[in-house]
Amino acid sequence: MGETNTDLGSNFIYDIIDADIAAGFDRQIHTRFPPEPNGYLHIGSAKAIWISYSAAMKYNGVFNLRYDDTNPVREDDEYVKSIEDDLLWLGAVPNGGVYYGSDYFDQCYDFALQLIAEGKAYVCDLTPDEMREYRGTLTEPGKNSPWRERTVAENLDLFRRMKEGEFEDGARTVRAKIDMTSSNMNMRDPVIYRILHAWHHRQEDKWCIYPMYDFAHPIQDALEGITHSLCSIEFENHRPLYDWVVDNIGFEKKPHQYEFARLNITHTVMSKRYLRELVETGKVDGWDDPRMPTLSALRRRGYTPSSIIEFVKRAGVAKAYSIVDIRLLEYCIREELNAAAPRRMAVLDPIKVTITNYPEGKEETFPIANNPLEESAGTREVTFGRELYVEREDFAEVPPPKWQRLRPDGEVRLMGAYIVRCNEILRDENGNVVELLCTADLETRNNTPVDGRKVRGTIHWVSVAHAVEGKACLYDNLFTLENVNDLPEGENYLDYLNPASLAELPACKLEACMADAKPGERFQFVRMGYFCMDTKNAGTFNRIVQLKDSFKVK
RNA sequence: UGGCCUGUAGCCAAGCGGUAAGGCAACGGACUUUGACUCCGUCAUUGCGAUGGUUCGAAUCCAUCCAGGCCAACCA
């Protein structure tokens, strides 16, 4: 999955597979990623993808992409397209193929027929309310449906007529005949087929009955030859039903389900339902709004696939509920960009600097390394002149302890160019600093001072006459909730992750920016201490600058 | 208050009866023409949710308790 991710890491899924192999398991390892096409993939999806994909790769196995499209009213082709794009972007090539759960509807129907014929499933006429009543509660057993003992012939007839469209939505269901007294609610005669006259994005109007997830999923897995069906932990309670379906249909090669804890990240909303709500209510510009935790948004922000995979690997795979610090994600992109991304100098909040001993009209260029850590990145020529801008926060009139940057009567290195000394501060009528008058040590010219004195600080600068102006889009984190750290003791902030909280979603702010880029050159930059980085492959975490207005901001 | 799952540092996480890996974060310091990076150091001193027990020896086994997660859609 990308050259930087040949190391598949380790997790307990591998241990399970190792144990299977040690016990004589002789089938080729086969996994799958089964998203429902009802939204865009997000960084939590990346974890699920990585777990299944890496398990297949580690054992020279097979990895399928399968759209789990058994609920026609929620699914859409827009999502199908985006999912495949994002999956491929991550590098998780489905070497086993791309499938649709709905393509197995014929088999699902036949298997349901088979279960009915064997007396293992029946057509139930209970209304939803009645069914709820008969189901019992967490602490009380349910009771058998009055329709549970219908004859096989009658069940078969009814099911066929359900398929023919004879009945209204919800009028009847097909239920697996298991155990209404089970302590596992999923085993209390679960519905496996429902009537739903709806347009399916792929099957169109072919069907008016649809198999439920618990019935369709194990069938899909078995049919595709999946050996290890990996899913998140909320399906743990469904495993007995999964096995029931596999066993009672009588698949020879049985897939097995294993669960892992899903990914949570601090300050980040991962619920697809809420994400969709943000999109649909227009609180964000779309699924790829830079504030979203979707893969498409992260891509737009400049996160690389490998940095996301690295994050997922470092966060680990276990069954314990956890919330990973988003700073780990930021670390992963920082680590990668630091090694590879070309740099530019940039100034967001400019303060003018005039080099008083530098002749008016004169200009010269300095070669500056594009990436000091990577010689092959080469250099660029940056034009220097009498009038410059530097970052306002690189100057401190009253410097704090250990201050290394510009200060009154202090010296600082203009990166790649001269050492300058601040001699005078010019102010407006309100006393605000508007300009610094400096002198350059013209001997230094990108060298150390001839007298051997030490000048510690180094700051970015741009030439007033040559800097390229752009738009900066600044934002922090993904969804940041205000005062998250000030929540009452003992309260889980995830409780606050609801649409009401998200009303406070921070807006993207456009700010001016100047950089030593070429006119029209597109780049994002990341501030990491005091440097900037570029570009189409670069990413971000603390702040982003986009020189081109490549996305709209409300 | 039924069942299943989980509980190791601020955040993740390894550990699977032999004396607490690693990463992120944080904090010192060195280096530095990016206060970045890099480097060095500190960071669970009998402590692994708690309490008992078994054992020469327990984070690892047993019991009880506590805390958190999931489950009562004709969603996935």
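Lettering of chains follows the sequences in order, A, B, ..., and the numbering in each one begins at 1.
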In this structure, how many angstroms lie between the [atom2] atom of [N] and the [atom1] atom of [X], rounded?
X        : N     : atom1 : atom2 : answer
A:Asn184 : B:G3  : CG    : C1'   : 7 Å
A:Lys319 : B:A14 : NZ    : C1'   : 18 Å
A:Gln257 : B:C70 : CD    : P     : 17 Å
A:Arg74  : B:A76 : CZ    : P     : 7 Å
A:Glu259 : B:C70 : CD    : P     : 15 Å
A:Arg456 : B:G35 : CZ    : C1'   : 10 Å
A:Asn38  : B:A76 : CG    : P     : 10 Å
A:Ile178 : B:C71 : CD1   : C1'   : 15 Å

Upstream residue (5' side of RNA chain B) when A:Thr137 and A:Asp214 are each assigned their closest nucleotide: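 Its nearest nucleotide lies further toward 5', so the answer is A:Thr137.
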Go nucleotide by nucleotide along RNA chain B from the 5' end; which of A:Leu126 and A:Asn447 gets its closest nucleotide reached first?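 Per heavy-atom nearest nucleotide, the more 5' residue is A:Asn447.
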Is B:A73 syn or anti, taking syn as a glycosidic angle within 90° of 0?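 It is syn.
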Using a 4.0 Å heavy-atom cut-off to protein, can you give one letter per nucleotide of nucleotides 25-30 of chain B, 5' to 3': B if the base is in contact, S if only the sugar-phosphate is, - if neither? S---S-
Salt bridge A:Glu75-A:Arg202, side-chain N to carboxylate O under 4.0 Å: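 Result for this pair is no, no salt bridge flagged.
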Can we say A:Lys272 and A:Glu36 salt-bridge, meaning some charged N sits less than 4.0 Å from an Asp/Glu carboxylate O?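 Salt bridge absent between A:Lys272 and A:Glu36.
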Between CD on residue A:Glu375 and OG1 on residue A:Thr379, distance to nearest 0.5 Å: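 The CD atom of A:Glu375 sits 10.0 Å away from the OG1 atom of A:Thr379.
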What is the distance from atom CD of A:Gln203 to atom CG of A:Asp69, rounded to the nearest 0.5 Å?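 Separation between the atoms: 7.5 Å.
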Side-chain donor/acceptor of A:Arg405 to base of B:G35, under 3.5 Å: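 Between B:G35 and A:Arg405, which were checked side chain against base, a qualifying N/O pair under 3.5 Å is present.
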Start with the C-alpha distance between A:Glu259 and A:Arg239, add both sets of side-chain angles, then the distance that settles salt bridge (charged side-chain N to carboxylate O under 4.0 Å, His left out), and finish with yes or no. CA-CA 9 Å; A:Glu259 309 85 16; A:Arg239 193 171 62 229; 2.7 Å; yes
Heavy atoms under 4.0 Å, any strand shown: does [X] hit a base, just sugar-phosphate, or nothing?
X        : result
A:Thr127 : base
A:His217 : nothing
A:Pro372 : base
A:Lys454 : sugar-phosphate
A:Gln404 : base
A:Arg413 : base
A:Val73  : nothing
A:Met212 : sugar-phosphate

Expressed in whole Å, how much space separates the [atom1] atoms belonging to [N] and [M]?
N     : M     : atom1 : result
B:C31 : B:U38 : C1'   : 8 Å
B:C43 : B:U8  : C1'   : 16 Å
B:C12 : B:A25 : C1'   : 11 Å
B:C16 : B:C62 : P     : 16 Å
B:G29 : B:G22 : P     : 24 Å
B:G23 : B:C37 : P     : 16 Å
B:U60 : B:G18 : P     : 12 Å
B:A26 : B:C71 : P     : 35 Å

Between [options], which one does the side chain of [X] approach most closely?
X        : options             : answer
A:Glu236 : B:C24, B:C5, B:G3   : B:C5
A:Ala315 : B:C12, B:C16, B:A76 : B:C12
A:Arg314 : B:C16, B:C24, B:C70 : B:C24
A:Thr139 : B:C16, B:A76, B:U1  : B:U1
A:Phe235 : B:A76, B:A73, B:U6  : B:A76
A:Trp403 : B:A76, B:G35, B:C74 : B:G35
A:Ala318 : B:A73, B:C16, B:A14 : B:A14
A:Ser322 : B:C12, B:A76, B:C74 : B:C12

If a pair means Watson-Crick or G-U wobble with both distances below 3.5 Å, what does RNA chain B look like in dot-bracket form, with | marking bases paired to a different strand? .(((((((.[[[..)..(...]]].(((((.......)))))......[[[[[..)....]]]]])))))).....
Given A:Glu411, which of A:Lys454, A:Arg456, A:Arg405, A:Arg453 fulfils the salt bridge (charged side-chain N to carboxylate O under 4.0 Å, His left out) condition?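 It is A:Arg453; the other options fail the test.
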Indicate the ring-plane relationship of A:Tyr258 and A:His256, choosing parallel, tilted or perpendicular according to the 30° and 60° boundaries.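 Correct class here is tilted.
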A:Tyr242 and A:His217 aromatic ring geometry - parallel, tilted or perpendicular at 30°/60° bounds: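 Tilted, since the angle between the ring planes falls between 30° and 60°.
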Any donor and acceptor pair, going by atom type alone, linking the side chain of A:Tyr14 with main-chain N or O of A:Leu8 inside 3.5 Å?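 Flag set: sc A:Tyr14 to bb A:Leu8 pair under 3.5 Å.
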Donor-acceptor check, side chain of A:Tyr67 to backbone of A:Val80, threshold 3.5 angstrom: yes or no?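 Yes; judged by distance alone, with no hydrogens or angles, the pair exists.
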Take atom CD of A:Glu381 as the centre, draw a 6.0 Å sphere, and report whether it contains more than 12 heavy atoms from other residues, nucleotides or ligands.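 Buried by this count: over 12 neighbours within 6.0 Å.
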Please state whether the phosphate of B:C5, meaning OP1 or OP2, lies under 4.0 angstrom from any side-chain nitrogen or oxygen of A:Arg262.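 Negative; the distance criterion is not met.
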Report yes if at least one side-chain N or O of A:Thr70 is closer than 4.0 Å to OP1 or OP2 of B:A76; otherwise report no.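 It does, given that an N or O in the side chain of A:Thr70 lies less than 4.0 Å from OP1 or OP2 of B:A76.
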So A:Val123 and A:Arg150, side chain to side chain contact (heavy atoms under 4.5 Å, CB included) or not? Walk me through it. CA-CA 8 Å; A:Val123 174; A:Arg150 282 218 252 235; 3.7 Å; yes
Could you verify whether a donor N or O on one side chain and an acceptor N or O on the other, from A:His201 and A:Asp76, lie under 3.5 Å apart?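 No, no side-chain donor-acceptor pair sits under 3.5 Å.
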